[in-house]
Asker: 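First, the structure itself, so that you have it in front of you.
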Amino acid sequence: MVKNTFRGGVHPLGHKELSREAPLCEFLPTGDMVFPLSQHIGKPARCIVKKGDGVLVGQRIAEADGFVSSHIVCSCSGKVKAIEKRRTLTGSSMDCIVVENDGLFTPAEGFGVRENPDNITNEDILQRVQDAGIVGLGGAGFPTHVKLRPKNPDAIRYVIANGAECEPYLTCNDQLMRVKSDAIVEGLELILRLFPGAEGVIAIEDNKPVAIAAMKQAASGKKHIRVLPLKTKYPQGGERSLIRVIAGVDFPISRLPADVGCIVDNVGTIYAIQRAVLYREPLFSHCFTLTGEAVRNPGNYIVRDGTSFAELLESSGGLKDGVTAKKALAGGPMMGIAMSSLDVPIQKQNNGLTLLAEDPNEQAQAQMTACLRCGRCTTVCPVGLLPQLMADAAIDGNYERYEKKLRGLECIQCGSCTYICPAKRPLMQILKQAKSEITARKRAEAGGKK
Amino acid sequence: MLTIIITTLVIAVIGIVVAEGLVFTDTRFRVEVDERESAVRECLPGNNCGACGYAGCDAMAAAIAAGEAPASGCPVGGAPVAEQIASIMGVDAGQVERKVAFVRCKGTCDVTRNQGNYIGIQDCRAAALAGLNVADCEYGCLGLGSCASVCPENAIRVVNGVATVNRARCVGCGLCAKACPKGLIELVPESKRVAVQCSNRDKGPLVKKVCSAGCIGCTLCTRQCEFDAIHMEGNLARIHYASCTQCGKCAEKCPVKVITPPVNQ
């Protein structure tokens with residue numbers, strides 16, 4: 001039997017039972033909506049509205065500036081209150097469009113009516129994805145229209161719908177696959193039309209049996225689509241881990257999945273593509289998990305972009321009595337971004353808010369010792385690197401060794417090494433710092449040569 | 001007897017051949033050494049800090065001897081070293097002034113709030129990567145002391161959340177300026193008595209919200225200056241030391257007193 005997994009990886013406690021059975025429900029905010037101009041990888045979008053303008057749901061308020069960029073769409077109706085710098089979840093300020101929400105959610109014209117998929121050409125599909133401002137909803141926020149236009153479309157062998165959701169705590173994709181299975185399969189079929197030689201694979205970790213059953217049901221009878229249950233292991237949902245399992249290839253960080261014939265999209269993105277292509281509906285909402293031990297009512301929501309994290313938490317019932325949230329994470333505990341304030345907007349690519357009652361970092365720091373040379377970080381590294389030696393090289397400032405000999409730039413920053421380390425060393429953080437130092441030096445060198 | 005003669009002859013011949021070889025290699029492969037280079041190297045302080053832009057003092061000496069670098073190229077040695085080097089090289093030293101690191105932030109724990117409880121590697125660069133601003137102001141000093149850890153002279157300490165420079169010990173090598181992820185540290189000529197102690201480029205009200213000591217961008221200082229030495233960059237006053245005469249009018253007028261003499265901060 002083929003084991004559907006990659007080498008290495010860790011088994012963190014899932015904690016998914018907190019929100020797993022909470023049905024996906026739509027959350028309609030009442031407060032001001034804030035739209036940062038950069039919610040994607042690439043150039044920030046260009047604002048096309050003025051202060052005082054009336055806006056509607058689905059109206060484009062900022063335009064992509066260049067090819068690798070994405071439109072930003074208003075998710076409520078109301079009036080533009082200000083265009084100013086606001087703090088975003090990373091802690092730094094960014095230009096944002098602030099919209100005063102009238103609470104009516106009046107939709108703009110031109111979307112919501114289903115079209116016959118047979119009448120839509122391939123070029124239409126790409127154009128509508130681009131117009132909808134869709135970015136990768138798995139977390140990175142890479143503009144999807146760029147991903148769907150690889151150099152050689154005929155060489156694509158697999159289109160992978162990523163429903164692994166290996167991140168602990170998060171369950172919104174699980175719920176989405178249960179209730180929107182037909183739409184996801186339809187979306188995947190639309191993408192497959194662009195790549196005639198490709199097979200569609202829906203990859204789901206085997207801790208989501210209901211979602212697997214639902215997707216199998218929806219995909220039955222489709223020739224080019226199969227559902228692939230995967231072993232539950234972190235980082236199973238990493239792009240490279242999935243490609244390792246499905247296409248059986250490893251490839252260096254300098255190459256893209258498309259170079260080895262794969263396109264990986266989160267199931268949430270594929271659902272958004274289906275809405276965009278068949279209903280011309282731009283991306284203004286996505287699924288989102290509110291969870292963690294400190295939350296009174298963990299749940300799964302369809303949230304609108306620009307909603308404040310704090311408002312969602314308040315409306316859901318807030319924190320448990322007598323519990324203070326020690327740590328707030330946008331996303332899950334492995335890849336999530338630690339937040340210093342909840343009064344920031346939810347962006348397109350955010351898929352969860354995890355509020356922990358205990359800060360594991362604080363505990364880890366208290367227990368930190370010197371490296372024990374146990375080698376467990378090496379065993380769990382999904383890329384096959386040597387995190388212990390890399391960290392030593394990084395601390396010594398020996399970036400040449402880090403990059404050339406230890407291939408440290410291949411690190412995907414999944415955090416498995418930090419998770420497993422019995423000495424509680426912050427390996428991933430050290431490696432991340434080394435990576436950024438090396439890229440900064442390279443940039444400085446390139447700048448110096450010009 | 002014969003053995004002795006033969007041995008002597010053989011050794012003599014070997015000696016002559018080897019001597020010829022040495023003479024040949026010495027003339028054929030002779031490396032021209034500039035004596036001034038080693039003399040210049042003697043004058044340099046030997047910190048190997050790299051502040052001059054060369055790999056170390058040896059590389060700097062070679063560059064000076066080759067005429068690629070100016071005699072006053074060593075910021076650590078300052079005027080005395082420049083004079084010595086100039087006399088070796090037979091050029092004019094020019095005006096060299098010692099520069100001292102200056103931290104352009106006044107945001108101590110008393111005037112700005114902590115934004116989050118940062119737990120992680122105690123290094124400003126790591127904290128900046130985590131995206132967390134330790135203080136509420138996103139331009140301000142993180143106070144984790146990356147600058148202090150690279151300082152070869154132990155001249156920087158973090159006091160009350162902001163890095164402070166011991167001006168007597170600072171050699172002006174600029175390593176701290178390179179290490180600071182927020183780009184707060186500037187090298188200011190030692191004699192200058194005015195400096196803007198803030199790096200926040202936001203508009204006044206936004207600055208006021210996060211820090212009571214910050215530059216509010218009122219532009220009063222630029223209007224006071226008779227020598228056109230102070231300009232606004234974004235919403236932040238910036239002094240151009242080449243034209244500054246240190247009349248002190250800007251510091252006098254500054255409503256938030258963010259233009260200060262850089263005295264041991």
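These numbers come from a predicted model, not from an experiment. A note on names: the letters A, B, ... follow the listed sequences, proteins ahead of strands, and every chain is numbered from 1.
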Asker: Minimum heavy-atom separation for L129(B) to K432(A), with atom names?
Answerer: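 Residues L129(B) and K432(A), closest heavy atoms: CD1-O, 3.7 Å.
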Asker: Got more than 12 heavy atoms from elsewhere within 6.0 Å of NZ, K99(B)?
Answerer: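 No - once you tally the heavy atoms of other residues, nucleotides and ligands closer than 6.0 Å, there are 12 at most.
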Asker: Inspect the surroundings of CD in Q367(A) and state if more than 12 heavy atoms from other residues, nucleotides or ligands are less than 6.0 Å away.
Answerer: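 Enclosed: over 12 neighbouring heavy atoms sit under 6.0 Å from CD of Q367(A).
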Asker: In Å and rounded to the nearest 0.5 Å, what is the NZ to NZ distance from K85(A) to K203(B)?
Answerer: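 If I round to the nearest 0.5 Å, the distance is 10.0 Å.
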Asker: Show every donor-acceptor pair shorter than 3.5 Å between a side-chain atom in residues 305-314 of chain A and any protein atom, with sequence neighbours excluded, or say none if there are none.
Answerer:
from: D305(A); atom 1: OD1; to: H286(A); atom 2: ND1; distance (Å): 3.0
from: T307(A); atom 1: OG1; to: R304(A); atom 2: O; distance (Å): 2.6
from: S308(A); atom 1: OG; to: A310(A); atom 2: N; distance (Å): 3.1
from: S308(A); atom 1: OG; to: E311(A); atom 2: N; distance (Å): 3.2
from: E311(A); atom 1: OE1; to: G31(A); atom 2: N; distance (Å): 3.3
from: E311(A); atom 1: OE2; to: T30(A); atom 2: N; distance (Å): 2.7
from: E311(A); atom 1: OE2; to: T30(A); atom 2: OG1; distance (Å): 3.2
from: E311(A); atom 1: OE2; to: G31(A); atom 2: N; distance (Å): 3.3

Asker: Measure I430(A) against the heavy atoms of chain B and call it side chain, backbone, both or neither at under 4.5 Å.
Answerer: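 I430(A) touches chain B through backbone and side-chain heavy atoms alike.
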Asker: Could you check whether atom NZ of K51(A) has more than 12 heavy atoms from other residues, nucleotides or ligands sitting under 6.0 Å from it?
Answerer: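 Result for NZ/K51(A): open.
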Asker: Does any backbone or side-chain atom of S341(A) lie under 4.5 Å from a heavy atom of chain B? Answer side chain, backbone, both or neither.
Answerer: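 Neither part.
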Asker: Name the member of K326(A), E84(A), Q365(A) that forms the most heavy-atom pairs with chain B at distances under 4.5 Å.
Answerer: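 Looking at each option in turn, the highest pair count goes to Q365(A).
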Asker: Measuring from atom CD of Q429(A) to atom CG of D123(B), what distance do you get when rounded to the nearest 0.5 angstrom?
Answerer: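 Those atoms lie 12.5 Å apart.
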Asker: Take atom CG in N160(B); do more than 12 heavy atoms of anything else shown fall under 6.0 Å from it?
Answerer: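 Buried by this count: over 12 neighbours within 6.0 Å.
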